[in-house]
Amino acid sequence: MEIQILDVDYVQVDEKPIVRIFGKTEKGEVVCGFYEGYMPYFYVEKTDAVKELLSKEPQVIKIETVKRTPVGGYQKPKEFLKVTITNPSKTPEIREKLKGAGVKVYEADILFKYRFMSDFGLSGMQWIKLEHNGVQTHTVRADKCVQIKKIKPGDNSGNAPLRLLALDIECVSVQKGAVPDAKRDPIILISLVFSERYEGRDSLVLSTRPDGDVLSFASEKEMLEEFARIIEKYDPDIITGYNINNFDFPYILERMRQNKIKPLLGRCKQKSVMARKVMARYKISITGRVVVDSFEIIKKDFSLTRYGLDFVAEALLGEKKVDVKHSEIEKFWKGTNKDFKKLVEYSRIDSVLAMNLLVKLHLIDKYIALSRISGTLLQDTLDSGETTRIENFTLREFNKKGFIVPCKPDAKEVAEREKARKKHLKGGFVLEPEKGLHSNVIVLDFLSMYPSIIRTFNICPTTLVRNQRPEKVIKTPLGTEFASKEIAEGIIPKILEKLMKNRGKIKKKLKTTEDPEKKRLLNAEQWALKIMANAFYGHMGYPRAKIYDLDIANTVTYCGRYFIHETKKIIEEEIGYKVVYGDTDSVFVETGEDDLEKLREIGEQISKTVSDRLPGIMTLEFEKIFKRFLPLTKKRYMAWSFSSGMNGWEENIEMKGIETVRRDWCELVSDTTKKIIEIVLKENNVKDAVDYFRGVVKSLVKSEVPVKKLVITKNMTKQPKSYAGIQPHIELVKKMQTRNPAEAPGIGDRVSYVIIKGTGLLSKRAEDPVYVMEKGLEIDSNYYIENQILPPLERIFNALGISKSELLGNGKQTLLSDIINNNNNHKETKEIPITDLKGFICKNCQKTYSHVPLTGFCECGGEIVFSSSKGMAASVVCK
DNA sequence: GCTACTCGGGG
DNA sequence: GTGTACGAGTAGC
């Protein structure tokens, strides 16, 4: 029998744990495999005192002497005690007792399911073959329950047919405007959407109101009981919804508690649904199933300005919600039959959208790939971060080679590490960017820089030279030493080699794969391999990590900085090009060439020269070409980029660290910013950009900009009177309440406003856009210039050497172009080709400028002329 | 510029 | 469940 692992847990029966593996066959049968005879264990240092301590513990059933190597500096294996006990849940107690006695304890904080999975080489969503006997049990809901004899890796790839359920609840608060409180406000409606038909339907709505197209119930209790029955009968593998982790599920569980219903929604008939509160956030676990919150994934994987379901569905699916405001739910609930029908439809569509997001955007592909690679169960991959995955993964790899891992650090240790880290750990090197607008810049990146450094110097906590000295070492540029590869190959470098090579193979396979389904899975896999490889460096510098080493983290970043400096030196001093910017693992090289193909050739040449010169597997790759490059500051730039793709050169505008859209900016800002960036980068015309900006300012002043483009939107999260400060949108709501209380926005609604002309406080001049259009009120153009379009654009123009006062003109008609044109009148006749143009220079004091001051003259009063590598010139010729 | 606090999503 | 872990954006020094 072959199954794909969905979930693993254990039950304690008569002093013995039984591991349960929940999975699904290729045909879609649900299987639960029971494994008996595997016992919990951990390691401690070997002393007589420890033996004495352990002999008093009734839980301990076996103490063996074993040879292992602790992780923490290069060393030879030594003797440890392997302690086996009867009950996994007793481990913390014994662990703390030993720790209290000053005894070093290893691997005593590993979840039992993961101890088991690690020893048997099992991963979440992995296919496995089971040799088994049939068993019958009434404790588990599955098509087949088997007693596992042996587990072997499976042959299948892809996924078993997974059955999905999407759900959404509706409720109304007794307190007007507030978010409903599960302790008090009942659920009125539950909508369910099925990926496989359930009793001939693909959706179902349950309600305590008895009309419309719903399953109706006399009480909330009966409705919730039926809800549980449907889940049992439909038996989904995956349950989804929008914000179900932090709203629907905690709410349903509390309502079940109030109604004295045990929340048995999982595949174990005895285990209730668990809602663990982790720092103000809930994590839901349901035995044998996986809860996927579309909202949480979208927030992580997509960069959007807002994450409300309406916005997300529209942006990502092009699908719309039913238009019902939160403040209207009560009205529709208590309203006519038609009103109620609309509410039912509203709820149903919310579930449909949650389902569609998951299915159409393939939201879980990445997480399945991460699970398979790291060994983590899908639910935990979704709920927890990088640390869990890395530690799961590393445990196996270290154990395989006879290493044992320390327990996680306590709060005191974490605090000390945090302090040391802050003080000593330096990050990547960021080069001060060369000011001004650049053309024809080649961008080169190190291929997986940190993983490559780790592999090149065999960097690992198991090879780091501390107390014991290996016969042969390799020294890093920082001076730290590691055992050389022939003596002891580091576990982490070896893992990275496997991950990187595997990724190469998958990328190759991807090129010859046509089937879109297979392609998607391969793509998710190569992505996950990259993510895992890149996470190791960060993990070793993470204060809560079990395998934490500041010396190692510092070695890695130091090498990074060292190699970037070396690279810059080689390019500038040996090859002879200027490096105009660089960040951590990249260099931006300016050349005189402007043909894309020739630039690529130069790029490849630089790549080869540098890679040959640097040690080990350090590889600098040609990445792309910036036809135009405008740095604002470190880590902030914009560029017109060309990279070679499948269909020749692919161009796009790249922005790093620059926002063009922000919640509190109106549309005019993003429109204008985008346009100006395009003029500067693509047309290389600063004058036109300035003109465009002035045009916008002019039309603002003349009230020619449509009101729609000036609307600013903010959320009102609480009652207007409970706001301490004065805020425009709140003041507007107060105004609207006196005008027409029924139409005024309520709590949780978004408030749209524009700022109008007047004498009072700015906040008091916020007005309803509709009202402004009806009454023809005048917009405060000054506000829009100073507070909206100017702040982002000022930074861009500053980078081009144009100050705010110059930009706004201030009456002086003195633009760069005019000055250049005026230069035609110059008496000097010397000409230079435009390709040699470096900038501008004062004829009198030699001060250089990247842009001509708009007065046309230097501070010293001297005349500004062109400067080139061949000297000064009065004019420039274009060829 | 940095660090501390808030709030998101949901109804 | 042998676990305790957000993160961007903004307000406040």
Side-chain angles (χ1 to χ4, degrees), chain A residues 9-12 17 40-42 59 83 85 87-96 105-116 168-182 185-189 241-251 271 274 276-283 285 287 293-296 298-300 303-312 324-330 332-333 343 346-347 350 354 376 380 383-388 391-392 407-408 411 414 422 542 544-546 633 659 662-664 715 717-718 724-725 746-749:
Chain A
D9 74 348
Y10 79 94
V11 280
Q12 189 72 10
Y41 65 88
F42 57 88
Q59 287 289 328
V83 182
I85 63 172
N87 188 340
S89 69
K90 300 293 182 203
T91 314
E93 201 182 296
I94 305 172
R95 178 188 69 212
E96 292 312 314
V105 191
Y106 299 80
E107 301 186 4
D109 55 0
I110 295 153
L111 255 39
F112 188 60
K113 62 182 180 188
Y114 282 122
R115 173 89 276 174
F116 175 85
D168 179 43
I169 62 164
E170 309 300 329
C171 37
V172 174
S173 174
V174 293
Q175 196 193 331
K176 253 200 171 30
V179 178
D181 178 355
D185 308 315
I187 297 172
I188 56 174
L189 232 149
Y242 205 75
N243 203 23
I244 36 168
N245 278 350
N246 283 287
F247 185 75
D248 302 67
F249 259 121
Y251 206 103
K271 254 176 151 177
M274 296 279 286
R276 292 166 294 137
K277 202 171 189 175
V278 182
M279 293 208 84
R281 300 220 78 84
Y282 285 101
K283 302 287 177 204
S285 53
T287 310
D293 192 333
S294 308
F295 163 64
E296 292 199 331
I298 285 164
K299 211 169 44 161
K300 262 192 257 172
S303 174
L304 303 171
T305 46
R306 290 199 308 275
Y307 292 91
L309 182 57
D310 50 351
F311 185 85
V312 166
V324 174
K325 281 193 213 145
H326 285 149
S327 49
E328 296 172 328
I329 290 175
E330 188 173 6
F332 287 109
W333 169 242
L343 183 65
Y346 163 82
S347 184
D350 277 7
T376 315
D380 296 332
D383 287 345
S384 51
E386 227 151 48
T387 320
T388 311
E391 292 195 334
N392 238 317
C407 293
K408 44 176 70 116
V414 171
K422 208 180 245 173
Y542 176 54
R544 292 182 188 279
K546 291 179 185 176
T633 59
E659 321 98 306
R662 252 175 62 171
R663 287 170 181 222
D664 52 348
N715 269 337
T717 51
K718 46 187 181 180
I747 297 171
D749 287 344

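These figures come from a predicted structure and were not determined experimentally. Numbers restart at 1 for each chain; the letters A, B, ... are given by sequence-line order, proteins then strands.
- Nucleotides C/dG1 and C/dA5 have their C1' atoms positioned 15 Å apart, rounded to a whole Å.
- In this structure, A/P40 reaches the bases: a heavy-atom distance under 4.0 Å links it to at least one base atom across the strands shown.
- For A/Y114, no side-chain nitrogen or oxygen approaches OP1 or OP2 of C/dG1 to under 4.0 Å.
- Remark: A/F116 engages A/Y35, A/Y38, A/F120 in a ring pair (Phe, Tyr, Trp, His ring centres under 6.0 Å) (not counting sequence neighbours).
- At a threshold of 4.0 angstrom between heavy atoms, the contacts of A/F116 with the nucleic acid are absent.
- Between A/E391 and A/K408, none of the side-chain N atoms (NZ, or NE/NH1/NH2) sits under 4.0 Å from a carboxylate O, so this pair counts as no salt bridge.
- Atom NZ in A/K546 sits roughly 10 Å away from atom P in C/dG3 (whole-Å rounding).
- The distance between atom OH of A/Y282 and atom C1' of B/dG10, rounded to the nearest whole Å, is 13 Å.
- Here A/I329 lies in heavy-atom contact (under 4.0 Å) with sugar-phosphate atoms only.
- Contacts of A/D350 with the nucleic acid, taken as non-hydrogen atoms under 4.0 Å apart, involve only primed sugar atoms and P, OP1 or OP2.
- A donor-acceptor pair under 3.5 Å is absent between the side-chain atoms of A/S294 and the main chain of A/Y242, judged by distance alone.
- If you take CD1 of A/I110 and P of C/dG1, they are 15 Å apart, rounded to a whole angstrom.
- Here A/I85 lies out of heavy-atom contact (under 4.0 Å) with every strand.
- As rounded to whole Å, 14 Å separates atom C1' of C/dG1 from atom CD of A/E93.
- Residue A/F112 is classed as a base contact, given a heavy-atom separation below 4.0 Å to a base.
- Nucleotides C/dC6 and B/dG10 place their P atoms 23 Å apart, quoted to the nearest Å.
- Using modelled atom types, one finds a donor on one side chain and an acceptor on the other under 3.5 Å when comparing A/N245 with A/E296.
- If you take CG of A/D109 and C1' of C/dT2, they are 7 Å apart, rounded to a whole angstrom.
- Two residues are said to be in side-chain contact when any heavy atoms from C-beta on lie closer than 4.5 Å; A/F247 and A/I169 meet this criterion.
- Within the 4.5 Å cutoff, the side chain of A/Y41 has no heavy atoms near those of the A/V83 side chain.
- Within the nucleic acid shown, A/D380 comes within 4.0 Å of at least one base atom, counting heavy atoms only.
- Nucleic acid contact class of A/I244 (heavy atoms, under 4.0 Å, all strands): none.
- Taking atom CE of A/M274 as the reference point, atom C1' of C/dG1 lies 7 Å away to the nearest angstrom.
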Under-3.5 Å N/O pairs linking protein and nucleotides 4-13 of chain C:
{"unit_1": "C/dA5", "atom_1": "OP1", "unit_2": "A/R544", "atom_2": "NH1", "d": "2.8"}

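- One atom, CD of A/E296, and another, P of B/dG10, lie 13 Å apart when rounded to the nearest Å.
- Within the model, atoms CD1 of A/I110 and CZ of A/F42 stand 11.0 Å from one another, a figure rounded to the nearest 0.5 Å.
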For A/Q175 and A/D181: C-alpha separation, side-chain torsions, deciding distance, then whether side chain to side chain contact (heavy atoms under 4.5 Å, CB included) applies. CA-CA 9 Å; A/Q175 196 193 331; A/D181 178 355; over 6 Å; no
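- Rounded to whole angstrom, the span from the CG atom of A/N246 across to the C1' atom of B/dC7 amounts to 12 Å.
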